[in-house]
> 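There's a structure below that I have some questions on.
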Amino acid sequence: RAPLAVMAEGSGSAGSGSAGSARGPPSAFRRWEQLRRRAATPWARGLLAVAAGLGLLYAVLRVPVRLRDGLAAVTVFLSTLTPKFYFALTVTSSFISGLIFVFEWWHFRKYGTSFIEQVSVSHLRPLIGGAESSPPAPAAFSAGDNESILFFFFNSSECKVWRNPLNLFRGAEYSRYMWVTGKEPLTYYDMNLSAQDHQTFFTCDTDALRPSDTVMQKAWRERNPQARIKAAYQALELNNDCATAYVLLAEEEATTIVDAEKYFKQALKAGEMIYRKSQNCHSQSPQHEAQLRRDTNVLVYVKRRLAMCARKLGRIREAVKMMRDLMKEFPLLSMLNIHENLLEALLELQAYADVQAVLAKYDDISLPKSAAICYTAALLKARAVSERFSPETASKRGLSTAEINAVEAIHRAVEFNPHVPKYLLEMKSLVLPPEHILKRGDSEAVAYAFFHLQHWKRIEGALNLLHCTWEGTFRMIPYPLEKGHLFYPYPSCTETADRELLPTFHEVSVYPQKELPFFIHFTAGLCSFSAMLALLTHQFPELMVVFAKAVSTVSLKLCAEIIRQEGNSVLLS
């Protein structure tokens, strides 16, 4: 019982102690509440107002006097300085500004942005109530999910030149441009690539068995257009069903699209007949298999050009049907990019649901992208919000989900090919597209904008949305450009290849280029100016001292006058 009693007393004392300690905070809280209620009385508020007024009056009367005394002391101090001090000051300031400039340049070369600007935007602007106007970087821009794709593309050929799926007709369009302007729309390099394509597509090892094909094999190697046309007629004299001869005449001799279509219809008739014969005997020998491949290429080429003729002559639904049938009949020839012709024709019909269905099939990360794919996807998403989009309203209320999707699609397209927006916004003049393009290059941008600018203009507000958002992409594109977000790194050889593909009178776009930030220019100017002052102070010390004292005297007088005017205005108020 004794131990139990001791434990009971201990627990009782502990309980009383805890209760006593618990009474402390409430009593302090009550005292604070009493003081707050007394301070809220009218007489207390009046006393505080009188004290604040006396403090303000003291500051108004005393601060100008103290500032004038301080200015006088500074004037006396400056008058006693020697040339050595000014020289040391300018050398030190030049050295410090040089260090800042070197650091700024290094930071820009590594991260693509100014360090001072980044700190001011990230830390100082939120403190003063500002906000970043540009939308946040899309979450899809993380490259973690696409490392294998980036690795694949990085190890592939950087500057592979592709056949332009929407290339024009030489006789009916390129030659007409040359007749009117006197300028060559195609470069020798571009035409040489086309000659190589023709030899690859339209010739094979069995051409020696047919005299007409032998003549056409020589015709594709001719540089002079008239010599090629003459050889095509010679082939037709030997064989009236020579499909490749009709193809050459349709491309180069026909001066209108109607004439070109007539030649292609004759080529289609001859090509289908030869294709059926090759199908029946293609398994007999490897030579017959090569002949079947050649005849297939000729047939696909003719059908595609016939669809393009129908598109140019306004028979758009007929062109769409021909393209769909061609894609179903030859599904393995996806590298010819017939779907890009189909996309352009469907956009002309304003069949946006069908356009979305085509994009769903071909807009795949594992396939080589194109400007037509990326920018058409951006156009469809912009179409949903562009009519009601306003930058001022969006900056106040923020972006909706549909607007964020549209902006992300535009950023994705600009990252793939940053040359296109200036052509769509008509900030740069267009030329006729070349027969070959470089993916992500200026040549591809010219080819895309030449055919798709009208589709962007047709959708109200789409170009306005593009204008408001495309420049923000350059702040998100990795720098240096050897990195990538969604796509493989931007090739460094695009400018050289584009200069070979595009005519000499066209100013080749060399974007993306990040302009030097303001603070790099500022620190460079400050470093140069302070270094020049240090040199002048070293060479002419007495003269620079007189100049420095004169500048300091004038600045001090201006400060004194400003302080006097401010003091008078405060007294009057």
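All values below were derived from every heavy atom in this structure, side-chain atoms included, with hydrogens, water molecules and symmetry-related copies excluded.
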> Locate the shortest heavy-atom distance separating Leu380 from Gln356; write the atom from each residue and the value.
CD1-OE1, 3.2 Å

> Please find the pair of heavy atoms, one from Leu463 and one from Leu424, that lie closest to each other, and give the distance.
CD2-O, 3.7 Å

> Just by modelled atom types, is the Glu500 backbone N or O under 3.5 Å from a matching donor or acceptor in the Thr187 side chain?
yes

> Inspect the contact between Arg458 and Glu348 and indicate whether a charged nitrogen and a carboxylate oxygen are less than 4.0 angstrom apart.
yes

> Before accepting this row, confirm whether a basic side-chain N of the pair Glu415/Lys369 lies closer than 4.0 Å to the acidic partner's carboxylate O.
no

> What heavy-atom pair brings Pro433 and Ala447 nearest, and what distance separates the two atoms?
CB-CA, 3.6 Å

> Show the nearest heavy-atom pair for residues Val446 and Leu430, with the distance to one decimal.
O-CD2, 3.9 Å

> Would you check if the side chain of Asp190 reaches a backbone N or O of Pro434 as a donor-acceptor pair within less than 3.5 Å?
no

> Start with the C-alpha distance between Ser194 and Arg163, add both sets of side-chain angles, then the distance that settles side chain to side chain donor-acceptor pair (under 3.5 Å), and finish with yes or no.
CA-CA 8 Å; Ser194 297; Arg163 181 79 178 178; 3.0 Å; yes

> Test Leu347 against Glu344 for side-chain contact (heavy atoms from CB on, under 4.5 Å), laying out the working first.
CA-CA 5 Å; Leu347 287 173; Glu344 197 277 329; 5.7 Å; no

> Does Ile338 reach the side chain of Pro165, with side-chain heavy atoms less than 4.5 Å apart?
no

> What pair of heavy atoms forms the shortest contact from Thr469 to Leu465, and how long is it?
OG1-O, 2.8 Å

> Where the side chain of Asp498 meets the backbone of Ser443, is there a donor-acceptor pair that is under 3.5 Å apart?
yes

> Any heavy-atom pair between the side chains of Leu166 and Glu340 that's under 4.5 Å?
no

> Are Lys457 and Glu426 close enough, and set up right, to give a salt bridge (Lys or Arg N to Asp or Glu O under 4.0 Å), and what steps lead you there?
CA-CA 11 Å; Lys457 286 184 175 181; Glu426 298 182 85; 3.2 Å; yes

> Using 0.5 Å steps for rounding, measure from the OG atom of Ser429 to the CD atom of Glu507.
8.0 Å

> In the structure I gave you, are the side-chain heavy atoms of Arg499 and Val510 within less than 4.5 Å of one another anywhere?
yes

> Would you kindly say whether Asp197 and His436 are connected by a side-chain donor-acceptor distance under 3.5 Å?
yes

> Could you walk me through whether Lys422 and Ser509 pass side-chain contact (heavy atoms from CB on, under 4.5 Å), step by step?
CA-CA 9 Å; Lys422 284 200 171 185; Ser509 175; 5.9 Å; no

> Within a strict 4.5 Å, meaning less than it, do heavy atoms of the Asn164 and Glu435 side chains meet?
no

> Could you tell me whether the side chain of Met178 reaches within less than 4.5 Å of the side chain of Lys183, counting heavy atoms only?
no

> How are the rings of Tyr448 and Tyr375 set to each other: parallel, tilted or perpendicular (split at 30° and 60°)?
tilted

> Can you give me the closest heavy-atom contact between Val420 and Ala371, atom names plus distance?
CG2-CB, 4.4 Å

> With a 4.5 Å limit on heavy-atom distance, are the side chains of Tyr188 and Arg223 in contact?
yes

> Salt bridge or not for Glu444 and Arg440, using N-O below 4.0 Å?
no

> Can you check whether Arg170's main-chain N or O pairs, donor with acceptor, with Glu173's side chain at less than 3.5 Å?
no

> Could you go through the side-chain contact (heavy atoms from CB on, under 4.5 Å) check for Leu453 and Tyr423 one step at a time?
CA-CA 8 Å; Leu453 176 58; Tyr423 293 107; over 6 Å; no

> Which value, rounded to the nearest 0.5 Å, describes the distance between Ile373 atom CD1 and Tyr362 atom OH?
9.0 Å

> Indicate yes or no: at least one non-hydrogen side-chain atom of Gln196 is less than 4.5 angstrom from one of Met191.
no

> From Phe450 CZ over to Leu432 CG, what is the distance, rounded to the nearest 0.5 angstrom?
5.0 Å

> Please report the interatomic distance CG(Asn464) to OG(Ser386), rounded to the nearest 0.5 Å.
8.5 Å

> What's the separation between atom OH in Tyr174 and atom CD in Glu184, rounded to the nearest 0.5 Å?
12.5 Å

> side-chain contact (heavy atoms from CB on, under 4.5 Å) between Leu438 and Trp162: does it pass, once the steps are laid out?
CA-CA 6 Å; Leu438 180 67; Trp162 298 72; 5.9 Å; no

> Strictly below 4.0 Å, N to O, side chains only: are Lys381 and Glu408 in salt-bridge contact?
no

> What orientation do His455 and His452 show, parallel under 30°, tilted 30 to 60°, or perpendicular over 60°?
perpendicular

> Measure the spacing between CG of Asp442 and CD1 of Ile437 and express it to the nearest 0.5 Å.
11.5 Å

